[in-house]
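Scroll down for the structure; my scribbles are underneath it.
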Amino acid sequence: MRRKSKRNFVASLCLLLAAFTALSGCGGNSGSAGGSGKSSDGQVTIKYYNWDNADQEAATDAMLKEFEAQNPNIKVEHVVLVPGNSVEMLKKLDFLISSGEAVDVVNLPSSGTVIERAARGALAPLNEFYDKEGLKPEDEYYVNPKVGDKYYGMQMTAGYQFVLLNKDALDEAGLPVPTYGWTWDDFRDYAKKLTKGEGVDKRYGTYFHTWELYMNAPAQTVMKDPFRYDDGTTILSDPTYKYFFQLRKDMENIDKSAKPYADTLAAKLNYRSEFFSGDAAMLLSGSFMIPDPGNVEQYPHDFKTAFAPVPLPPQNALPKNYEGGKYFVGGGQLAMGATSKHKEEAYKLMRFMTTTDSESRMEFSGWKKSDQNKVLDRLVGKNKDMYDVDSLKNTLFGPDIKYLDASPIVTTSSSDLTKVIDDGFSKFMLSNEPIDDVQKWMVEEATKIINEKEAK
């Protein structure tokens with residue numbers, strides 16, 4: 001297994017085209033090694049595309065070696081298109097597909113990127129393979145991207161969101177670690193009680209970073225799509241926008257429990273540093289931060305970190321189409337290229353990569369039957385005493401925690417809509433414009449973009 005350089009890819013493509021032309025001139029002998037991808041001993045070679053960084057590449061290679069050991073008739077070539085950059089990787093992938101490259105298995109960053117490519121015929125449906133095994137995808141994976149009644153994605157990883165809390169600060173304030181069912185009103189109350197001191201020594205109850213996650217957390221955590229409802233219309237009219245925008249402003253201006261948005265923008269603060277330095281007692285973030293409390297060399301601190309599920313919207317601000325407190329779960333999806341000449345082998349690789357509890361796996365699996373505790377133990381590492389492990393396990397895998405399935409909507413104008421959210425939030429936080437006027441403007445702008453750029 002090796003990474004292909006752009007030059008090698010072009011050369012390989014030329015050789016492939018030349019071989020195909022020669023075979024066509026000889027009557028198109030599809031049984032030869034060059035035409036079928038099989039070696040003389042019957043071994044099939046398939047390609048696995050992704051955007052691994054250096055650390056991830058080593059872990060992936062180790063898993064692929066395990067697969068090859070269990071399947072000696074299948075060799076896997078690991079092709080890293082753009083290391084560590086999923087956006088640029090998708091551009092290269094689309095070029096490969098359009099040029100006719102036989103794509104066997106590809107790791108895509110989200111369910112939306114699967115549906116987008118499936119809708120234009122670039123991916124192969126998985127139904128016949130599931131049917132052959134007698135599997136129901138919903139029983140296997142948290143998120144199952146579909147177009148019509150056809151399944152196209154197999155969830156490789158799961159990305160969760162949660163709240164990190166300074167356990168020492170909680171104990172000092174006499175507050176229990178929150179559990180599933182607490183609301184954003186409760187979060188505000190906790191933030192007030194956890195705020196302490198003044199000036200440069202002040203500890204805020206929480207820190208909100210500059211991402212859209214912190215502008216309307218419910219839209220990002222308990223709704224299927226952060227931009228549109230299932231009917232295709234904008235969600236910027238949702239009650240959660242008015243509620244959360246006002247919550248943010250009140251926490252800054254009235255409670256003084258969150259660092260002002262203007263200061264966050266001006267100072268270009270780092271969310272990890274705000275939490276681990278003790279400047280903020282709570283931080284909404286995600287499972288990519290699980291190794292950080294134990295990494296005291298990079299993030300020096302002496303307090304234990306507890307974890308809580310993301311707060312839910314209160315009854316007076318429930319989102320449209322609310323599914324009773326189920327959470328959005330992100331994560332990568334494996335898909336099969338429509339051009340693959342070895343679909344049986346590709347499917348076998350996909351199932352292995354998504355269901356095997358390999359010691360090399362360093363990300364949570366999207367497979368419902370996976371032993372996630374094994375991955376969790378590897379992520380926590382040797383400094384277990386820096387974690388409230390029970391709260392972490394309950395936050396991720398507690399009996400009340402349920403997850404949303406994939407949205408049927410694919411939003412291709414997400415960057416334009418994100419700018420509307422950013423601009424609307426800034427309008428409200430940095431001026432005296434009423435929330436109703438700001439929300440009306442956001443809805444109008446988003447509707448224009450959707451009407452112009454999204455499929456009807």
Side-chain angles (χ1 to χ4, degrees), residues 161 163-165 169 173 178 182-200 202-223 226-227 234-271 274-275 279-285 308 310-320 322 417-446:
Q161 292 163 318
V163 177
L164 298 94
L165 304 100
W182 73 317
T183 68
W184 282 104
D185 287 347
D186 298 325
F187 181 92
R188 178 182 179 181
D189 186 55
Y190 262 62
K192 284 191 284 188
K193 293 175 179 177
L194 289 168
T195 299
K196 179 182 178 181
E198 295 293 339
V200 294
K202 181 172 183 176
R203 181 186 71 204
Y204 287 94
T206 191
Y207 171 77
F208 293 109
H209 200 47
T210 56
W211 303 331
E212 291 71 39
L213 171 64
Y214 303 98
M215 297 175 185
N216 183 355
Q220 301 278 335
T221 59
V222 294
M223 299 179 75
F227 302 109
T234 176
I235 72 162
L236 301 194
S237 62
D238 198 78
T240 57
Y241 269 93
K242 183 174 182 177
Y243 167 78
F244 206 82
F245 274 32
Q246 193 65 55
L247 178 82
R248 283 288 312 270
K249 197 163 195 175
D250 290 347
M251 289 181 70
E252 292 183 10
N253 295 343
I254 298 175
D255 304 342
K256 312 293 185 183
S257 63
K259 188 165 288 187
Y261 178 60
D263 293 351
T264 303
L265 288 173
K268 297 182 180 179
L269 299 174
N270 182 288
Y271 58 95
E274 290 297 299
F275 180 72
D279 288 347
M282 297 191 295
L283 177 69
L284 172 64
S285 191
V310 176
L312 301 176
Q315 287 296 316
N316 64 326
L318 295 180
K320 179 182 172 182
Y322 186 54
L417 294 172
T418 294
K419 187 175 187 306
V420 173
I421 297 171
D422 291 350
D423 291 348
F425 186 75
S426 295
K427 274 176 182 283
F428 180 66
M429 296 297 290
L430 304 177
S431 74
N432 293 317
E433 286 198 49
I435 181 60
D436 289 331
D437 292 350
V438 171
Q439 187 170 27
K440 181 174 181 291
W441 175 85
M442 291 170 64
V443 170
E444 289 173 351
E445 292 300 306

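All residue numbers refer to positions in the sequence shown, counting from 1.
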Student check: side-chain heavy atoms of [X] and [Y] closer than 4.5 Å:
X: Leu312; Y: Tyr322; result: yes
X: Tyr271; Y: Thr210; result: no
X: Pro311; Y: Asp186; result: no
X: Asp238; Y: Pro218; result: no
X: Gln439; Y: Phe428; result: no

Check: [Y] main-chain N/O paired with [X] side-chain donor or acceptor under 3.5 Å:
X: Arg188; Y: Met251; value: no
X: Tyr214; Y: Leu284; value: yes
X: Thr206; Y: Met282; value: yes
X: Lys268; Y: Leu265; value: no
X: Lys242; Y: Ile435; value: no
X: Glu445; Y: Leu417; value: no
X: Glu212; Y: Asp422; value: no

To check you understand the geometry: which heavy-atom pair defines the closest contact between [X] and [Y], and what is its length?
X: Arg203; Y: Ala169; value: NH1-CB, 3.5 Å
X: Met215; Y: Arg248; value: N-NH1, 4.3 Å
X: Met223; Y: Pro319; value: SD-CB, 3.8 Å
X: Gly424; Y: Val438; value: O-CG1, 3.3 Å
X: Leu236; Y: Ile421; value: CD2-CG1, 3.8 Å
X: Ala308; Y: Pro178; value: CB-O, 3.5 Å

Rounded to the nearest 0.5 Å, what separation is found between the [atom1] atom of [X] and the [atom2] atom of [Y]?
X: Gln161; Y: Gln220; atom1: CD; atom2: CD; answer: 7.0 Å
X: Tyr207; Y: Asp279; atom1: OH; atom2: CG; answer: 10.5 Å
X: Lys202; Y: Lys256; atom1: NZ; atom2: NZ; answer: 7.5 Å
X: Asn270; Y: Phe275; atom1: CG; atom2: CZ; answer: 13.0 Å
X: Ile254; Y: Gln246; atom1: CD1; atom2: CD; answer: 7.5 Å

Around atom [atom1] of [X], are there more than 12 heavy atoms from other residues, nucleotides or ligands closer than 6.0 Å?
X: Lys249; atom1: NZ; result: yes
X: Lys196; atom1: NZ; result: no
X: Lys320; atom1: NZ; result: yes

List the steps, then state whether side chain to side chain contact (heavy atoms under 4.5 Å, CB included) holds for Thr195 with Asp255. CA-CA 9 Å; Thr195 299; Asp255 304 342; over 6 Å; no

Whether [X] and [Y] hold their rings parallel, tilted or perpendicular, with breakpoints at 30° and 60°:
X: Tyr261; Y: Phe425; value: perpendicular
X: His209; Y: Trp211; value: perpendicular
X: Phe187; Y: Phe208; value: tilted
X: Phe245; Y: Tyr241; value: perpendicular

Assess the side chains of Thr183 and Asp185: does a donor N or O sit below 3.5 Å from an acceptor N or O?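 On atom types as modelled, these side chains do not qualify, holding no pair under 3.5 Å.
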
Show the numbers, then the answer: is there a salt bridge (Lys or Arg N to Asp or Glu O under 4.0 Å) between Lys193 and Asp189? CA-CA 6 Å; Lys193 293 175 179 177; Asp189 186 55; 3.2 Å; yes

Start with the C-alpha gap between Phe244 and Trp184, add the side-chain angles, then the distance that decides, and say whether side chain to side chain contact (heavy atoms under 4.5 Å, CB included) holds. CA-CA 9 Å; Phe244 206 82; Trp184 282 104; 3.6 Å; yes

Do Asp436 and Lys440 meet the salt-bridge criterion of a basic N to acidic O distance under 4.0 Å?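 A salt bridge is absent here (no side-chain N lies under 4.0 Å from a carboxylate O).
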
Trp182 and Tyr190: CA distance, side-chain angles, deciding distance, ring pair (Phe, Tyr, Trp, His ring centres under 6.0 Å) verdict: CA-CA 11 Å; Trp182 73 317; Tyr190 262 62; 5.5 Å; yes

